[in-house]
Amino acid sequence: MTVLLEARDLARVYQILRGLFVEPTMLRAVDGVSLTVEAGETLGIVGESGCGKSTLGRMLLGIDPADEGAVRFDGDAMPGLGSKDWRQSRRKMQLVYQDPLAALDRRLPIAEQIGEPLDIHGLADGADRAARIWSLMDAVGLDAEQADRYPHQLSGGQRQRVVIARALASEPKLIVCDEPVSALDVSIQAQVVNLLRDLQQDTGIAMVFISHDLKVVRNIADRVAVMYLGRIVEEASSDDVFRDPRHPYTQALVSSVPEPGKPLAHRTILQGEPPNPGNRPSGCAFHPRCPLVREICRTTAPSLTSIAHGRQVACHVAGACLHAA
Amino acid sequence: MSTLGPSFIELSNLRVGFDGIEVLHDITLTIAKGEAVGFVGESGCGKSVTWLAALGLLPGKAQVTGSVRLDGEELRGASHRLLERVRGGRIAIIFQDPSSSLNPVLRVGRQITEAVRLHRSLTVHDAKAEAVRLMDMVGIPDARRRFDLYPHEFSGGQCQRLMIAMALAGQPDYLIADEPTTALDATIQAQILDLLNELRAETGMATIFISHDLGAVAQVCDRVCVMYAGRIVEEGRTADLFDHPRHPYTRGLFDAIPRLNAPRRRLLPIPGMVPSAKDMPSGCAFSPRCPNAVAACLEAPPQLGGLTAGRRLACYQPMPSLSGLGLTETAKLPRYATP
Amino acid sequence: MVRFMLGRLLRAFITIIAVVTFAFVVLRMSGDPSQVMLGPDAPQDAVDAFRHRWGLDQPLWVQYFAYVRSILTGDFGVSMRDHASALGLVLQRVPATLQLTLPAMALKLFLGIPAGVYAALNRDSTTDRAVILLSVLGFTIPSFVMGLLLVLIFSVMLGVLPSGGQDTWVHGILPTLTLAIGGIGILARFSRSAMIEVLTQHYVRTASAKGMSWRNVVWRHALPNAALPIVTLVGFMVGSLIAGAVVVESIFSWPGIGRLLIVSVSNRDLAVVQCILLVIAATMVVSNLLVDLAYGWLDPRLAARRH
C-alpha cells in the first residue's frame, strides 16, 4: 500500500478574545495529530462534539490552515490556502459534509451542480460532459429523469447522493466525509453507507470518514482513530478498536452504544461532563472522567505509543498493563 | 379494558390532520401505570405527533379527532383547567433539544419552582427547597449554588437533567420522553438513559419513550410500538419484538442498523423512501418498499390486529414467526388481519 | 461590567466627536453666514468686519480647534443673530418639543406594543389582518402627508381641532398624533413579528407542557423574550425624542427645536445649528447606552459573554 496522505503534528489554535485588556485564551482545537491515509483505504475518525474531528478533516484537505505541523498529499506538501496550486489540488480531494441542502445551490438543477467540478477543472465539455454527468448520477443511484430537479425537490438521501456525485466528478483520490449520514433516517442511512462502500470498491478512492456514530464507522472504516479534546487517544484497525478497545475513553464510548438485548446495567457509564476545549484539564485531558486515573495522569499527558502491530494508544494505564502482560 | 389497573392512558382512533392532510391515522392503544412503552420509527412517522396531540400541545391549526382518555376521563377537547392540571401534574413531557426547551432569560431554579407550585400547594420557600431537591435527584452537582444560574450556563446533558427535574416537579404518573437523548453525545446519552431507568424504578412513574434509536428503546422499555407513515404497524414486548420482528418494516429497520459486533459487510437498507403524507399509497403505506408485498397489500391498509398475548401487527404478509431465531419455518403462516 | 461600560462610553465619545466634526465641516462648506446675515448687497468692509468678528477669516483647522476647545470648557458659542447663548436658545426650546414627543412616545408604547402582541396571539384573525393593514398605512405614509391629512380632516372638514400654534394643549393634539402614528405602526408590526417568533420557540411549548395557563405562558415566558428586540427599537425612538419632530413642528408652527433648527440653518447661524446637532447626537448616544444597559439586564446570555 502506498501512503496517499500524511499529516505530521497538526495543530489548529484559536484565540478566544475575552475583552480589550485581557490576555486572549488559546484554544487548541486540534493538538498535535499525526496520521496517514493509504491509497484506497478508509480511515474512520470518531469522537464527541468538540473533540476537533471536523476541524481535523478540514485541515487534512487544506481548507483550514495548519498552525503547526504539515500535511503531505500524494508526496507533495499541501500548497498554501487559496493559491493556484491549491485550487488545482482541489481536483484530487473533495469534502462531503452533513447537511447536503446547505452544500447545494438551490437555484441550480442538480445535473448542473454535478457537472461544476468538470467545468472548474476543465475536464470535459459538450457530449463528453453530459455523458460524464449521466454516468455519475447512475453511479450514485439517481435516475436520469431527476437531472433537471432542484435540491428542494429531492429527499435528504437523494441530496446526499447529489453531493457525493459532485465530489466524485473530478475523480479525486481522497474524499473526506464529515458526518455524511447523521441527518438521515436509518433505512436511508444504510443506502448511503452502501453507496460509499461500493464506490470505494469500484474506484479505489481513499476516504476519511468522520462521525460520532460508532456503528456506522465500524461498518465502513478499515482503520479508526478515536479523538478526545483535539488529540488521538487510540488508533487501530476497525476490528480491534471495537472488539477490544484499550483506552478507557474508547471503552466507555464503545460501551455507550446501545445494543438491543444488552442491558444498560452492564455498560460502562462514563460520569462527568463532555470536555470543553476552552478549558483543557492538565495532564491527560481525560483524567477527570477516567475510571482508571492514577497520579501521573493528572500531571503528564501520555503520548500515542505503539502497543502492538498497527495499534496505538495514548494512556499511562492501558499502556502499562500491556507492557506488564 | 376493565382488567387494567387503576390508572391508564387510552388512545382510541386518534387522528391528526394538518391543512386537510391526515398525518396520523387511527391510533388505538392503552398504557397502564408504571409501564415503559417505546415508540420507534423514522422521522415523520407520527411518534411525536401522537403524544403532542394527546396532551393538546399541537398548534391550533391541527385537526385532532378520536379520543384520549386518562383514567376514563376524556382529554381531547377538555377544558383548559383540566388540561392544565393533567399537563405536568399527571403526564409530564421532556423534549429532544433540552437547551432550547428551557427559557433562556429565566433562572433554572425559578423555572423548576414554577412547575412545583403549579401542581402542589407549597409555600414559595418549600417549593424552592423542593426544586433544589429535584435538581439534586437528577444529578445536578452543587444544586443549591446553581439554582440561580441561567440555562446557557449548563451543558446539553445538564439541561436535559433540568428538564427531567422540571417534569418530576408535579409528581406525574407518566413521563413522555420525546427523543430525549438524540441531541446529546454518546457518553451523555448513556447517562440520561440510566437516569430515566433509575427514576422509573424509584418513583414507579410510567415512561413513554419516543426515539428513532432502537437500541435506546430496548434499554428503557418493556413494550415497543413500531410506527410507519402515521400508523402503528407492530407492537409487542421488547424482547419478543426484537427477537421475532414480524412486520417487514420492523425487520427492515433491524437489518438496516449496522452492528458493532457483527462482521463488516454491506448493510441491508430498505429500498426506496417513506411516502409523503400528501402522496400515500392506497393500500399499505409500506407496500412500495416491502419485499413481501402482494396484490392485496395495494388495496387497503391492513388493520392493527391481535396476534398473540401482547402482540399486535398490521400486515397481510408478515415475516415468518421464527425468522429472528434463524429456525426453519414450521407451519404455513396464516394471515393475521382482514383487509 | 465596568469595563464594558467604559468601552461603551469611549465609543459614545467618539461618536459625538465625529458628529461635531462632520457638522462643523459641512456647515462651513455650505455657504457663508455673512452673505445671509448682512444681505447680498452688504459693503465689502462690513462683510470683512463680520468675518473677522466671528473668526471666519481664520483657516478652517484653526476655527475647528478653537471651537473644540470652547466646547470642552462648556462654551457652546453665541447666536450670530442676537448674540444670545446658543445653548440657552436650544434649551429654551426643549420643553416645547418634549410636549409633543413625550405624549407621542407614550402613545407609541401603549398602543403599538399591545396591538402587535394581541395580533400575534390571534394570528390570522380579522383583528390581526386589521393591525397589519393599519400599521403598514401608519408607517408608509410620510409625516408631512399624514400631518396635512389630519389637518384636512380635523381642522378643515370637521373644524374640531386647531391646525397650528401652541396656545393650549388642544393645539398639541394634531402634531402629537402625526408624530405617533408612524411609530405606533412600526412598533405594532415589530412587536407582532417578535412575538410570533417567540411563540414558536421550544421553551414556550415547555411552559405549556408543565401545565401553565396560556395567559401565564404569554406573560411570564413569551413576553420577556419578545421584549429583547422591541427594546432596541424603543431605544431608537427615545433617541429621536429631541430630533424627531423637525417636520411636524414646521407643519404645525410649533416653536420647538425643530423649528429653531430650520430657522438657524437658513440663517447660517453656525453656533446654534452646531449646538442643536450636538444635543441631538448626545440624546441618541445616551439612549443607545440605556438600550445596552437594558439588554444586559434583560438577557443574561449577553451578560455572560461580557465576563
Side-chain angles (χ1 to χ4, degrees), chain A residues 46-51 141 154-158 183-195 197-198 201 212-222 238-239 241-243 249 252-265 267-276 289, chain B residues 40-45 139 141 154-158 181 183-191 193-198 211-220 238-239 241-243 249 252-274 276 289:
Chain A
V46 297
E48 295 176 284
S49 52
C51 73
L154 302 178
S155 70
Q158 290 170 333
L184 306 176
D185 273 319
V186 174
S187 66
I188 308 298
Q189 201 173 59
Q191 294 173 5
V192 175
V193 168
N194 278 352
L195 168 65
R197 189 184 253 291
D198 293 346
Q201 227 144 49
H212 71 279
D213 189 333
L214 298 188
K215 298 194 294 290
V216 173
V217 172
R218 159 79 182 97
N219 193 271
I220 202 165
D222 301 306
S238 174
D239 289 333
V241 165
F242 293 103
R243 195 190 322 116
Y249 176 64
L253 210 53
V254 169
S255 168
S256 75
V257 176
E259 285 273 329
K262 192 166 111 190
L264 198 60
R267 292 162 46 185
T268 317
I269 295 178
L270 206 53
Q271 296 309 311
E273 283 298 302
N276 169 8
R289 301 173 80 191
Chain B
V40 295
E42 299 174 280
S43 44
C45 73
F154 293 84
S155 69
Q158 285 179 327
T181 58
L184 306 175
D185 272 323
T187 58
I188 309 301
Q189 277 184 14
Q191 293 176 2
L193 292 182
D194 190 40
L195 174 65
L196 287 174
N197 272 345
E198 234 171 66
S211 180
H212 71 283
D213 185 340
L214 289 162
V217 167
Q219 295 190 320
V220 175
T238 306
L241 187 103
F242 277 63
D243 287 345
Y249 175 65
L253 265 189
F254 287 160
D255 289 343
I257 302 172
R259 315 256 161 199
L260 267 194
N261 49 8
R264 290 173 57 203
R265 55 165 176 81
R266 271 180 69 85
L267 297 173
L268 297 169
I270 304 175
M273 53 187 169
V274 181
S276 86
R289 307 175 75 185

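Below, all heavy atoms of this structure are taken into account, side chains as well, without hydrogens, waters or symmetry copies. Just so it is clear: chains get the letters A, B, ... in the order the sequence lines come, proteins before strands, and each one is counted from 1. Bear in mind that the values here come from a model prediction, so they are computed numbers and not experimental data.
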Distance in Å, B/Met273 CE paired with A/Gln191 CD, rounded so as to fall on 0.5 Å steps: 9.0 Å

Spatial distance of atom CD1 (B/Ile188) from atom CG (A/Leu270) [nearest 0.5 Å]: 7.5 Å

Shortest non-hydrogen contact from B/Leu260 toward A/Leu214: CD2-O, 3.8 Å

Greatest number of heavy atom pairs closer than 4.5 Å to chain A - which of B/Arg289, B/Gln158, B/Glu42: B/Glu42

Carboxylate-amine/guanidinium proximity below 4.0 Å for A/Asp198 and B/Arg266: yes

Heavy-atom side-chain proximity of B/Pro258 to A/Arg218 below 4.5 angstrom: no

Passing option when B/Leu267 is tested against A/Asn194, A/Ile220, A/Val216 for side-chain contact (heavy atoms from CB on, under 4.5 Å): A/Asn194

Heavy-atom pair of closest approach, residues B/Arg264 and A/Ala221: CZ-O, 2.9 Å

Where B/Ala256 and A/Ala190 come nearest, the two heavy atoms and their spacing: O-CB, 3.6 Å

Residue part contacting chain A, namely of B/Pro271, when any heavy atom lies under 4.5 Å: backbone

Heavy-atom contact with chain A under 4.5 Å, split by part of B/Ala239: neither

From B/Asp194 atom CG to A/Ser256 atom OG, the distance as rounded to the nearest 0.5 Å: 12.5 Å

Engaged part of A/Arg243 at the chain B interface, taking heavy atoms whose separation is under 4.5 Å: neither

Toward chain A, the part of B/Gln189 with a non-hydrogen atom under 4.5 Å: neither

Leading residue by heavy atom contact count with chain A [cutoff under 4.5 Å; candidates B/Ile257, B/Ile270, B/Val274]: B/Ile270

CG-NE2 distance between B/Leu184 and A/His212, expressed to the nearest 0.5 angstrom: 10.5 Å

For the student: nearest non-hydrogen atoms of B/Asp185 and A/Glu48, plus distance: CB-OE2, 3.0 Å

Portion of A/Val186 that has a non-hydrogen atom of chain B nearer than 4.5 angstrom: both

Residue among B/Gly157, B/Pro141, B/Gly272 with most heavy-atom pairs under 4.5 Å to chain A: B/Gly272

Interatomic spacing from NE2 in B/His212 to CD in A/Gln189 - rounded to 0.5 Å: 7.5 Å

Close side-chain approach of B/Arg259 and A/Lys215, heavy atoms under 4.5 Å: no

Side chain / backbone / both / neither for B/Asp213 at chain A, heavy atoms under 4.5 Å: side chain

Closest non-hydrogen atom pair between B/Ala216 and A/Pro258, with its separation: N-CB, 3.6 Å

Region of A/Asp239 that comes under 4.5 Å of a non-hydrogen atom in chain B: side chain

Separation between CZ of B/Arg265 and CZ of A/Arg197, rounded to the nearest 0.5 Å: 9.0 Å

Check: A/Asp185 side chain, B/Ser43 main-chain N or O, donor-acceptor pair, under 3.5 Å: yes

